[in-house]
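Notes follow once the structure below has been shown.
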Amino acid sequence: MNKSSTFSLPAVSLPAVVCSVLALTVGAAQLNLQAAEGDTAVMPKYTAEMEALTTDSRVQAALDYVLTIEDQSRAELIELTEIPAPPFKEEIRAAHFAKMLRARGLKDVSIDGAGNVIGRRPGKSGDKVVAYAAHLDTVFPEGTDVTVKFEGEKMVSPGIGDNTRGLVTLLEVISAFDSAGIETEADVLFIGNVGEEGLGDLRGVKYLFRDGAEKIDTFIAVDGGNAERIVYGGVGSHRYRVTFRGPGGHSWGAFGLANPQHALGRAIALFDEHAPSVTSVGEKTSYNVGRIGGGTSINSIPFEAWMEIDMRSGNQGKLDDIDAVLQSAIQTALEQENEGRLDGPPLTVDVDRVGTRPAAKGDASSALVQRAMAATTALGVAPSLQISSTDSNLPISKGIPAVTMSRGGKSGKAHSLHEWWQPIDAHLGPQIGILTILAEAGLAD
């Protein structure tokens, strides 16, 4: 139970693009465009840094190269999309992605203890490590048809955008670096990580940043289609499976026993009644009872009833507060149902935390965020600083510079069987990645 805040509920029953050639001509005035949502302009030092990068002939060659491989990239997108990657069962796609990294010339490729695929591109000095990552997993269960179909220019398949296209973006950046003969000062890790979706609970990045792991100095995630979107802060979440249990019995013959379903209904009603004390003030905080279940038949008192609930906020304090409201509602519901029983033993309740994503405050003036903004602006796109729930939550919460950026192209109907991706401005994702990585990792002479 969360003990950081306490709430007392009454014990009463309550009711219920622009190509790279054009991009290189963008001047200092454009580089100082203000972020659409972040309220912070690109600082002059990062404007100058980006101008120096974009006038280097090798960088120009890398940006231009991306425009020449879009057909190959679409073919690889189909290839990867049609390899299922259900939650907790990403290993087949992981093995294939590792082969694709090796085929790109990365010699140091491995799969770690969590199932993350890691390919190292050594830098000249190697005194810093920059990670560029996209998650391998999709939300879809085993048996989902992931055959790619076409609706005009749209490619339709579950998971094709989120986040299979992100994996292809990584491949494009590697190819562009190699084609242009680019060497970085820092080592760059290209990572296909597991466990971003659903109950995966960020297990891939949690493993990457576990105590004793090899140090990663900067983390850049690729996830999301809009080129202007720069996620610099994390929306945290607490997720629970709550199960009330009792003896169960016949609805007539055993009437008077405490009923787990009744207790569950009380808990939901109490929580929904008191949650606005948190959600109606201050930073946005949300809650959702997503699934409920239990019982054996209409004429049986159930022996168990359960619900799964998700709570979110960009402020860890408010996330803890809404969590405390839930815990109090559960215990009050349990007490009320047990007090009202006429016979039999009391109900019990199990409150299992099934997901924890830390809320993480970003810093719009930090070097990585400024470089991401400068890179985006250099390609003719006005950056939009946003907070979201992504793999970057974890490193930001640990004080490690991290952002989540575009995979390129346009997409829609994510997390549905009709998810689609379309190659409109697809080059912008890898081009933004190229510039941000080079600004952060350093372009070697």
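If you read the sequence from its start, that first residue is 1, and numbering goes on from there.
The CG atom of Leu319 lies 7.0 Å from the OG atom of Ser237; values are rounded to the nearest 0.5 Å. Here the NE2 atom belonging to His427 is positioned 11.0 Å from the CD1 atom belonging to Ile434, to the nearest 0.5 angstrom. Rounding to the nearest 0.5 Å gives a distance of 8.5 Å between CG of Leu208 and CG of Leu189. Separating the OG atom in Ser157 from the NE2 atom in His418 is a distance of 11.5 Å, to the nearest 0.5 Å. For the atom pair CE of Met100 and CD1 of Ile174, the computed distance is 10.0 Å after rounding to the nearest 0.5 Å. Note that CG of Leu53 and CD1 of Ile437 are 11.5 Å apart. Values are rounded to the nearest 0.5 Å.
Side-chain atoms of Thr144 do not come within 3.5 Å of backbone N or O of Val146 as any donor-acceptor pair. Under the 3.5 Å distance criterion, the side-chain polar atoms of Gln370 are matched with a main-chain donor or acceptor of Met43. Checking side-chain atoms of Ser388 against main-chain N and O of Thr390 turns up no donor-acceptor pair under 3.5 Å. The closest donor-acceptor contact from the side chain of Thr169 to the backbone of Arg165 lies under 3.5 Å. No donor-acceptor pair under 3.5 Å is formed between the side chain of Ser328 and the backbone N or O of Ala324. With hydrogens and angles ignored, the 3.5 Å screen pairs no side-chain donor or acceptor of Arg266 with any backbone N or O of Ala263. The closest donor-acceptor contact from the side chain of Glu49 to the backbone of Arg371 lies at 3.5 Å or more, if one exists at all. Between the side chain of Asn338 and the main chain of Pro346, no donor-acceptor pair closer than 3.5 Å is present. The backbone N or O of Gly408 sits less than 3.5 Å from a side-chain atom of Ser406, completing a donor-acceptor pair. Side chain of Glu283 to backbone of Lys318: no donor-acceptor contact under 3.5 angstrom is found.
Proximity of Lys410 to Trp421: side-chain heavy atoms (C-beta onward) are nowhere separated by under 4.5 Å. Proximity of Met311 to Leu326: side-chain heavy atoms (C-beta onward) are separated by under 4.5 Å at one or more points. Taking the side chain as every heavy atom from C-beta outward, Asp201 and Val354 never approach each other to under 4.5 Å. Residues Leu199 and Pro87 have side chains not in contact (no heavy-atom distance under 4.5 Å, counting atoms from C-beta outward). At least one side-chain heavy atom of Leu368 sits under 4.5 Å from a side-chain heavy atom of Ile220. Between Phe150 and Met155 there is a side-chain heavy-atom pair separated by less than 4.5 Å. Leu264 places a side-chain heavy atom less than 4.5 Å from the side chain of Met307. With contacts defined as side-chain heavy-atom distances shorter than 4.5 Å, the pair Lys413/Trp420 qualifies.
Note on Lys89 versus Glu142: salt bridge recorded, some NZ/NE/NH1/NH2 to OD/OE distance being below 4.0 Å. The existence of a salt bridge linking Arg74 and Glu172 is excluded, since no basic side-chain nitrogen approaches an acidic carboxylate oxygen closer than 4.0 Å. A salt bridge does not link Asp350 with Arg241: none of the charged nitrogens is closer than 4.0 Å to a carboxylate oxygen. Using a 4.0 Å cut-off between charged nitrogen and carboxylate oxygen, Asp310 and Arg312 count as a salt-bridge pair. Remark: Glu196 engages Arg357 in a salt bridge, criterion side-chain N to carboxylate O under 4.0 Å. The pair Asp323-Arg353 counts as a salt bridge, with a side-chain nitrogen and a carboxylate oxygen less than 4.0 angstrom apart.
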For this session: Could you go through the side-chain contact (heavy atoms from CB on, under 4.5 Å) check for Val231 and Met405 one step at a time?
Result: CA-CA 7 Å; Val231 175; Met405 305 184 73; over 6 Å; no
Exercise. Does the pair Ile309 and His238 meet the rule for a side-chain contact (heavy atoms from CB on, under 4.5 Å), with working shown?
Worked result: CA-CA 8 Å; Ile309 185 165; His238 290 180; over 6 Å; no
For this session: Please test Asp217 against Ile400 for side-chain contact (heavy atoms from CB on, under 4.5 Å), starting from the C-alpha separation and ending with a verdict.
Result: CA-CA 7 Å; Asp217 298 286; Ile400 297 166; over 6 Å; no
Problem set entry | Full working for side-chain contact (heavy atoms from CB on, under 4.5 Å) between Phe244 and Leu334 | CA-CA 8 Å; Phe244 290 90; Leu334 179 68; 4.1 Å; yes
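Taking each heavy atom of Met50 and Ala378 in turn, the nearest pair found is CG-CB, 3.8 Å. For the residue pair Ala227 and Ile432, the shortest heavy atom distance occurs at O-CD1, 3.6 Å. Ala360 and Ile396 get closest at one heavy-atom pair: CB-CG2, 3.4 Å. Contact between Ile387 and Gly314 at its shortest, heavy atoms only, is CD1-CA, 4.3 Å. Between Thr436 and Ala375, the shortest heavy-atom contact is OG1-CB, 3.4 Å. Considering every non-hydrogen atom in both Ala176 and Val66, the closest pair reads CB-CG2, 4.1 Å.
For Phe209 and Phe219, the distance between ring centers is under 6.0 angstrom.
Remark: Phe255 CZ is loosely packed, at most 12 non-hydrogen atoms of other residues, nucleotides or ligands lying under 6.0 Å away. The number of heavy atoms from other shown groups lying within 6.0 Å of NE2 (His415) is above 12. Counted within 6.0 Å of CD1 on Ile111, heavy atoms from surrounding residues, nucleotides or ligands total more than 12; the atom is thus considered enclosed.
Between Thr243 and Glu304, the side chains place no donor N or O within less than 3.5 Å of an acceptor N or O (distance only, hydrogens not considered). In this model, no donor atom of one side chain and acceptor atom of the other lie less than 3.5 Å apart for Asp391 and His135. Counting only N and O atoms by type, the side chains of Asp363 and Ser365 include a donor and acceptor under 3.5 Å apart. Using modelled atom types and a 3.5 Å distance limit, the side chains of Thr404 and Ser392 yield a donor-acceptor pair. Between the side chains of Gln327 and Tyr240, at least one donor-acceptor pair of N or O atoms lies under 3.5 Å.
Partner Asp187 forms a salt bridge (Lys or Arg N to Asp or Glu O under 4.0 Å) with one of Lys215, Lys128, Arg120 and no other, that one being Arg120. With respect to Arg93, the side-chain contact (heavy atoms from CB on, under 4.5 Å) criterion is satisfied by exactly one of Val194, Thr164, Asp137, Val117: Thr164.
For the ring pair (Phe, Tyr, Trp, His ring centres under 6.0 Å) condition, the pairs that include at least one residue of residues 282-324, sequence neighbours left out, are Phe271-Tyr287. Applying the salt bridge (charged side-chain N to carboxylate O under 4.0 Å, His left out) rule to pairs touching residues 222-232 yields Asp223-Arg407, sequence neighbours excluded.
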N/O donor to acceptor pairs below 3.5 angstrom from side-chain atoms of residues 246-254, sequence neighbours left out:
| unit_1 | atom_1 | unit_2 | atom_2 | d |
| --- | --- | --- | --- | --- |
| His250 | ND1 | Trp252 | N | 3.0 |
| His250 | ND1 | Gly253 | N | 3.4 |
| Ser251 | OG | Asn299 | O | 3.2 |

